[in-house]
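Below is one structure; the comments refer to it alone.
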Amino acid sequence: MKHNINNCFIDSVIKKDSYKASLKKTNFIIDKIKKSNDPFLTSFLNQLHYYQEKKLNKLALYYRKNFKDVIVLGTGGSSKAGRTFVQIAYRTFGRNPKFPKITFLENIDFQDFNDLFKKINLKKTGVIVISKSGETNETLVQFLIFLSKYKKSFQKKRIQKHFTIITKKDSSTLRNLANDFSIDIVDLDSNLSGRFSAFSPVGLLPAAISGLNIKKITEGALFLLKKTLKKEHKIPSEGAALHYSAQNSKINISVLLTYTERLRNFGFWHEQLIAESLGKKNTGFTPLHSMGATDQHSLLQLFLEGPKDKLITFITLKKQKDQIKINNSLIAKVKKLSFLKKKSLNKLLDFEMEKVCKLLNDYKRPYRTITLDKCEEFEIGSLMMNFMLETIILSYLNNLNPFDQPAIDKGKSINLK
């Protein structure tokens with residue numbers, strides 16, 4: 001993973017001296033993280049060692065052998081990491097036709113359920129229900145809908161074979177329902193925040209069912225974590241210092257611009273991470289995920305000539321295997337695309353990104369680039385850990401608790417009649 005921040009200082013919108021001073025502060029924060037006894041931080045770090053690898057792989061094998069479809073019920077932090085991993089599995093390696101198709105249901109739109117039940121065979125469908133608290137209304141409703149379907153069609157003893165529950169160890173409505181039907185439960189640490197739970201069963205069970213090697217994912221995350229804590233790897237600290245300095249220049253929108261469809265769901269995961277961790281005490285960044293080259297035809301005008309309130313992060317791949325080429329005689333008919341002669345389609349995507357970077361330079365808009373060698377298990381584990389640490393460090397720079405969400409918790413306590 002490489003990090004280039006040179007283009008963040010092209011117009012002194014972000015002051016370089018401020019960035020350097022902020023970067024020095026991150027050294028103290030790294031030391032604080034290493035020594036901290038904060039139970040939420042400890043739970044975040046410990047998930048990499050206690051994610052129940054054998055149980056998850058055994059469960060994944062069970063789902064792969066017995067079902068044609070797997071439905072994951074959950075919302076927010078209970079689904080976004082899993083969606084990220086599954087999309088990478090399907091886009092990077094291709095969906096294995098011998099494995100079940102994984103579908104995530106995050107909402108309670110009746111039409112989604114109507115459409116889904118028309119497509120699936122309940123006998124060949126497994127269901128994973130994820131809610132850390134065990135009290136998320138949307139997830140409980142989803143679970144009840146599926147239970148109702150299975151209760152109508154199967155005997156109680158057979159229902160348990162189709163479900164797995166992932167929730168905290170404490171008593172909850174979800175756990176009680178699971179116990180009523182003798183459904184297998186995978187325990188979560190009660191102090192593990194949902195948006196930081198990618199390396200727990202929340203993210204790793206769907207990943208394992210899709211065929212990804214979950215050990216490689218956690219190895220990638222551990223590699224980056226250890227290097228960062230030893231101060232040998234600076235990207236999370238650089239990113240946090242950069243955003244902290246940007247705040248002082250009235251930049252409050254963080255744009256993540258990804259140039260591969262494999263990272264589309266990663267962008268949604270990142271939005272929650274930023275919004276819930278930093279949006280407190282009248283401060284924070286508004287996260288915006290943008291896709292290259294698609295959004296060059298919709299959002300780029302705003303990025304170039306709109307308010308100077310955005311810091312753009314490009315994520316791109318160094319090497320991508322691509323065998324798709326256009327016939328040379330056809331290329332010759334379109335002169336402006338002559339550079340693609342004898343080249344793969346990916347060359348055009350690279351060109352589009354380079355063009356946007358040049359335009360941002362011309363308009364003196366700050367941006368940085370993160371370049372991955374590949375988009376596979378180890379790399380995505382490292383990338384997710386990178387942004388988690390960047391967010392935690394930035395939270396501490398702002399004297400915020402990265403792991404709570406007081407406004408959301410207040411909303412959960414409201415009961416409608």
Side-chain angles (χ1 to χ4, degrees), residues 1-11 13 84 87-88 90-94 235 239 242 251 253-271 274 286-376 379-380 383 386-387:
M1 188 187 305
K2 292 184 179 179
H3 193 211
N4 186 339
I5 63 171
N6 294 334
N7 297 291
C8 289
F9 311 106
I10 51 180
D11 191 31
V13 175
T84 298
Q87 184 174 54
I88 286 168
Y90 288 177
R91 290 277 186 171
T92 299
F93 304 105
I235 297 180
L242 192 62
I251 291 176
I253 298 175
S254 180
V255 179
L256 187 72
L257 187 48
T258 51
Y259 271 77
T260 170
E261 282 290 334
R262 282 166 275 186
L263 293 177
R264 183 180 287 274
N265 283 333
F266 172 83
F268 297 136
W269 169 83
H270 181 259
E271 282 183 337
I274 293 293
T286 298
L288 176 62
H289 179 224
S290 185
M291 286 296 303
T294 307
D295 288 336
Q296 291 171 208
H297 303 277
S298 58
L299 296 177
L300 185 58
Q301 173 64 38
L302 173 68
F303 296 164
L304 295 174
E305 290 193 341
K308 289 189 174 182
D309 56 359
K310 303 167 194 69
L311 173 58
I312 297 176
T313 299
F314 286 90
I315 300 183
T316 187
L317 301 181
K318 183 179 179 181
K319 295 178 181 179
Q320 300 183 70
K321 293 180 180 180
D322 178 14
Q323 302 300 322
I324 298 177
K325 295 181 180 179
I326 304 172
N327 181 278
N328 286 337
S329 63
L330 292 176
I331 281 287
K333 294 178 181 293
V334 186
K335 290 184 179 180
K336 64 180 180 179
L337 295 179
S338 60
F339 70 95
L340 285 176
K341 187 177 181 181
K342 296 182 179 180
K343 293 184 173 66
S344 64
L345 182 61
N346 193 58
K347 186 67 178 177
L348 178 59
L349 198 61
D350 291 341
F351 169 76
E352 292 294 338
M353 179 178 160
E354 290 165 8
K355 182 172 70 173
V356 172
C357 289
K358 184 181 185 306
L359 283 168
L360 288 169
N361 273 314
D362 291 344
Y363 280 87
K364 300 188 183 303
R365 304 294 168 125
Y367 69 93
R368 61 172 176 156
T369 58
I370 293 177
T371 306
L372 304 177
D373 287 335
K374 294 182 291 185
C375 193
E376 297 181 8
E379 289 74 22
I380 195 62
L383 185 67
N386 175 80
F387 279 102

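Worth saying up front: this structure is predicted, and the values here are computed from it rather than measured.
Residues satisfying the side-chain contact (heavy atoms from CB on, under 4.5 Å) criterion with F93, sequence neighbours excluded, are L212, E376, E377.
When all heavy atoms of G292 and L257 are compared, the pair lying nearest together is N-CD1, 3.8 Å. Shown here for L256 and G267, the closest heavy-atom pair between the two residues is CD2-CA, 4.0 Å. Nearest heavy atoms, T371 versus L317: CG2-C, 4.3 Å. Summarising the geometry of T258 relative to M291, their closest heavy-atom pair is OG1-SD, 3.1 Å, with the distance given to 0.1 Å. Contact record, C375 with T92: O-OG1, 3.0 Å, taken as the closest heavy-atom pair. Here the shortest heavy-atom pairing between P366 and C8 reads CB-O, 3.7 Å.
Within the structure, the salt bridge (charged side-chain N to carboxylate O under 4.0 Å, His left out) test picks out the following pairs touching residues 356-371 (sequence neighbours left out): K358-D362, R368-E390. Identified under the salt bridge (charged side-chain N to carboxylate O under 4.0 Å, His left out) test for residues 290-317, with sequence neighbours left out: D11-K308.
For the pair L263 and T84, the minimum side-chain heavy-atom distance is 4.5 Å or more. Side-chain contact between N265 and W269: absent, with no pair of heavy atoms (C-beta onward) separated by less than 4.5 Å. Taking 4.5 Å as the limit, every side-chain heavy atom of Y363 sits out of range of all side-chain heavy atoms of I10. Contact of the Q296 side chain with the K355 side chain is registered, since non-hydrogen atoms from C-beta on lie closer than 4.5 Å. Inter-residue side-chain proximity for T316 and T369 is flagged as unmet; no heavy-atom pair is nearer than 4.5 Å. Residues V356 and F303 form no side-chain contact, since every pair of their non-hydrogen atoms from C-beta on lies 4.5 Å or further apart. Taking 4.5 Å as the limit, some side-chain heavy atom of N386 sits within range of a side-chain heavy atom of I370. The closest side-chain heavy-atom distance from L360 to N7 is not below 4.5 Å.
Once rounded to the nearest 0.5 Å, the distance linking CZ of R262 with CD1 of I315 reads 13.0 Å. Atom-to-atom distance recorded for E352:CD and H297:NE2 is 6.0 Å, nearest 0.5 angstrom. How far CD of E379 is from NZ of K374: 5.0 Å, rounded to the nearest 0.5 Å. To the nearest 0.5 Å, atoms OH (Y367) and CG (N4) are separated by 7.5 Å. In this structure, CD on E354 lies 12.5 Å from CG on L359, to the nearest 0.5 angstrom.
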